[in-house]
Amino acid sequence: MNTATTGNGGDKVATGFSEQYLTFMLAGEEYGVDILRVQEIKGLDKVTRIPNSPEHVLGVINLRGAVVPILDLRRRFGLEAIAFGPTTVVIVVRVAGGQDGRTVGMVVDAVSEVYNVDAGATQLPPDVCGSVDTIFVKGLATVEKKMLILLDIDRLIGDIIANESMHGFAAA
Amino acid sequence: MTLDPEMAEIAKVFFQESREGLDSMEAGLLSLNAATNREDIDSIFRAAHSMKGGAATFGFTEVAAFTHRVETLLDEMRTGVRPITADAIQTLLQCCDCMREMIAATEAEQPLDQGRIAGLDSDITHILGEPAGVPPGAPPSAASRAAPLAVSTQEAIDDDPQVKGWRIDFAPVADLLRLRNEPARMFAELERLGAIVTQADVSRIPSLDMLDPEACYLSWRIDITGQIPRRALDDIFDWVDAGCRLEFTPIGVSPAGAPAKVDSQAQPANIAAQGPSRPEREAPPPGAPPPGAAPHKTTGDPGSIRVSTKKLDNIINLVGELLITQSMLSGCAEGINQGGFDRLRQGLTQLARNTRELQESVMQIRMLPISSAFNRFPRIVHELSRKLGKKVEIRLTGEGTELDKTVLEKISDPLVHLVRNALDHGLETPEQRLAGGKQETGTLELAAAHEGGNIIIEVRDDGAGLNKARILKRARERGLVPVDQELTDEQIDNLIFMPGFSTAEQVSDVSGRGVGMDVVRRNINDLGGNVQILSKEGQGSTIRIRLPLTLAILDGQLVRVGKEVYVISLLSIVETIQVTRDRLNTLVGRTEVFRLRDEFLPVLKLWDQFGVEPDSRSAEGSLLVVVEAEGMRVGVLVDDLLAQQQVVIKSLESNFKPVPGIAGATILGDGTVALIIDVADLIHAVFERERGALGRNMGAGLPGARHRVSGTSLGMAS
């Protein structure tokens with residue numbers, strides 16, 4: 001599991017040499033997230049905007065009583081924004097951070113597949129990797145002759161929430 | 001000291017119980033005086049005793065040893081060997097503090113403050129070393145209740161090699177078993193020391209319909225043979241509460257002491273029959289209460305359980321959700337009018353009532369009486385008044401008033417501050433009081449009561465009151481009030497809540513650093529409450545705190561800006577006004593103010609602040625919600641006022657992060673999320689902005705200061 005060492009996920013339960021990834025599409029690229037982190041997949045409901053937040057933070061939704069932020073991955077990766085279509089979904093994931101983990105929704109173009117990825121079949125990402133900064137990439141895997149970009153979801157979401165400066169408030 | 005996880009879990013309970021025990025010791029000590037009866041001092045002793053036992057069990061030897069010393073002193077006091085003096089009480093109070101620190105240090109696995117322990121230890125030794133008020137030959141404590149036979153000889157023969165055994169008469173209290181003592185285990189321990197012969201006395205067992213299955217009605221006579229030091233026996237019975245009758249009579253010193261050989265397998269009925277033949281069994285021993293009675297519970301404790309806050313919060317969340325479901329269902333049913341749906345509506349009404357009741361009762365679980373915050377004050381007042389040389393009587397009223405645990409914890413420190421202030425600045429010295437024609441002893445009163453959905457806490461003193469001239473002078477000196485501005489008495493009083501304000505001529509270690517009252521007010525505002533002071537010169541001051549009962553639910557006003565709905569806490573809303581153009585002035589550059597009666601309010605356009613598109617950008621026709629926090633007031637422009645309703649507060653931080661200007665979120669009846677506005681944060685933003693603008697344009701910001709002053713004065717419109 002050498003490729004997993006870049007991640008700081010708390011899910012490193014020995015799962016043999018194979019890990020399951022849920023993959024989704026974003027501007028023609030296929031990305032994978034560790035399936036153990038995925039809580040659910042749901043349609044996009046009404047989102048309540050959060051004032052003075054960056055544009056890729058769409059707002060918050062009510063997920064059975066919990067207030068959950070919704071992040072638009074397209075905008076975060078600087079991809080061209082598209083109208084939300086019938087396949088647009090929210091992948092709700094549990095990530096590290098906050099007091100005892102956060103629940104966050106990510107808007108993606110479409111959900112694709114669940115793949116078993118052999119740990120040995122992944123490789124470290126090159127310097128440029130799709131539209132994503134490589135520090136958010138755990139590794140690359142080739143499955144069925146397609147390339148999957150395996151995301152380090154903790155790092156990605158943590159970065160979006162922590163480092164994106166909220167717009168100045170008093171200056172409004 | 002590391003314990004295995006299971007023991008650590010039990011040790012937690014010990015720490016908790018020790019703290020409670022120390023609290024009750026402290027309360028008991030404070031009420032002690034020469035006329036105190038035996039009961040009171042017994043309860044202090046018991047608290048120390050069970051703490052010692054617990055500490056020894058967990059191997060906290062230092063705690064146990066120190067507690068033992070304290071216990072020794074208490075023991076002498078309760079038996080009347082040692083007089084109860086103010087010095088001794090003071091030392092014991094310090095011991096309580098020290099024990100509390102020891103418990104905390106032990107729990108945190110930190111080193112103990114050896115210097116302090118040693119110091120207090122020598123204090124105790126000193127007190128114990130003084131000649132006692134009773135001749136040395138007087139009966140020692142443990143034997144004081146014992147039969148005369150045991151008393152005179154006991155000490156002398158404690159470790160006498162002549163002793164061939166002991167006769168133990170053991171008549172436990174009825175709730176021996178409930179106190180988790182197991183006689184069978186004690187007997188097993190005894191058996192390890194030597195051969196034992198046990199007789200049980202069943203004469204106290206009542207008829208079946210009177211029998212309490214958990215009570216212990218038996219008493220025993222145990223004969224143990226062997227050369228056993230008295231200490232070994234004491235150790236075994238160490239856990240048995242002081243209320244039990246326990247007598248040790250040595251055997252073998254006189255031939256009369258030979259044990260009556262009664263077969264241990266004898267029928268209980270036989271022994272019972274023998275009972276009356278032994279006269280000392282006839283009357284119940286003085287220490288033993290009637291069966292079924294619980295001698296320790298002096299108050300009518302309704303019984304309580306420990307529940308983790310996390311579990312409770314979970315239930316509260318669930319119930320909040322239930323409430324949302326219910327209001328969603330009600331929304332569906334609105335449109336249905338046909339008779340066939342009457343039942344549905346009926347059911348929904350019932351659901352509404354049930355959920356509301358359920359929510360109320362679940363919220364109740366988090367509610368604690370304010371006494372837990374009030375109870376520390378007698379001690380604080382006791383210490384401080386000694387230090388300051390003042391005579392103060394403290395009165396507590398409404399201690400049973402309940403409020404949310406979180407609010408309770410957070411209000412505790414501000415209250416301490418207010419009480420210290422009242423003692424230091426408010427109440428006068430005995431001489432001053434007498435000169436002023438008042439009673440020598442001042443009164444400090446802490447009162448709590450419910451009023452509507454709020455709790456009102458008042459700190460009242462009958463001291464000197466606020467010196468208005470001095471406050472005004474100080475405020476002018478510091479530039480907090482323009483020199484030419486006239487203020488009402490109430491306005492002057494409330495100046496003391498402004499940052500950096502202190503009139504104490506000398507900074508004492510009690511109060512007077514000028515960081516106090518504004519922090520008090522900020523803390524109270526953070527809890528969604530407000531604070532107000534009423535004072536009459538020469539007659540005293542009253543500080544009145546109004547707090548919401550809970551932080552989990554908020555009485556909210558829903559407001560609309562464009563398509564967005566926000567919630568503003570009703571407690572912070574002063575009033576709402578329809579805006580007319582002519583009362584809206586642009587002050588300097590872009591700062592807009594609204595003329596409300598004789599006051600100018602800075603105006604905040606929520607749509608600019610939050611970057612949303614309003615119905616119309618012209619203020620004309622919008623509504624101005626006047627909000628207040630920390631004594632400052634601002635008018636917030638919104639498009640519309642919607643319903644007023646209770647909302648369940650949800651944190652934005654748990655899954656996201658704090659957002660400036662937003663205190664949290666809630667879920668509305670339609671299932672969407674609405675954000676709750678942080679009024680204090682908004683107001684700060686406005687004043688920051690205004691100060692910036694004024695600083696550029698006008699130099700010293702007089703209008704800014706004026707808003708603040710007038711805001712302070714007009715506070716608490718409720």
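No hydrogens, no waters, no symmetry mates; every other heavy atom, side chains included, goes into these values.
- At a 4.5 Å heavy-atom cutoff, A:Val47 makes no contact with chain B through either its backbone or its side chain.
- Judged by distance alone, the side chain of B:Asn655 and the main-chain N or O of A:Thr103 form a donor-acceptor pair under 3.5 Å.
- Across B:Glu653 and A:Arg102, no two heavy atoms sit closer than the pair O-NE, 4.4 Å.
- Interface residue A:Val60: backbone and side-chain heavy atoms are both found under 4.5 Å from chain B.
- Side chain of A:Asn62 to backbone of B:Asp670: no donor-acceptor contact under 3.5 angstrom is found.
- A 4.5 Å side-chain heavy-atom check between A:Val67 and B:Leu652 finds at least one atom pair inside the cut-off.
- Between the side chain of A:Arg49 and the backbone N or O of B:Phe610, at least one donor-acceptor pair lies under 3.5 Å.
- Shown here for A:Asn52 and B:Gln609, the closest heavy-atom pair between the two residues is ND2-O, 3.2 Å.
- For the pair B:Ile662 and A:Pro51, the minimum side-chain heavy-atom distance is below 4.5 Å.
- Heavy atoms only, all atoms of each residue included: B:Phe656 and A:Ile50 are closest at CE2-CD1, 3.7 Å.
- In terms of modelled atom types and a separation under 3.5 Å, the side chain of B:Lys650 and the main chain of A:Ala66 share no donor-acceptor contact.
- In the displayed structure, A:Lys42 atom NZ is contacted under 6.0 Å by more than 12 heavy atoms of other residues, nucleotides or ligands.
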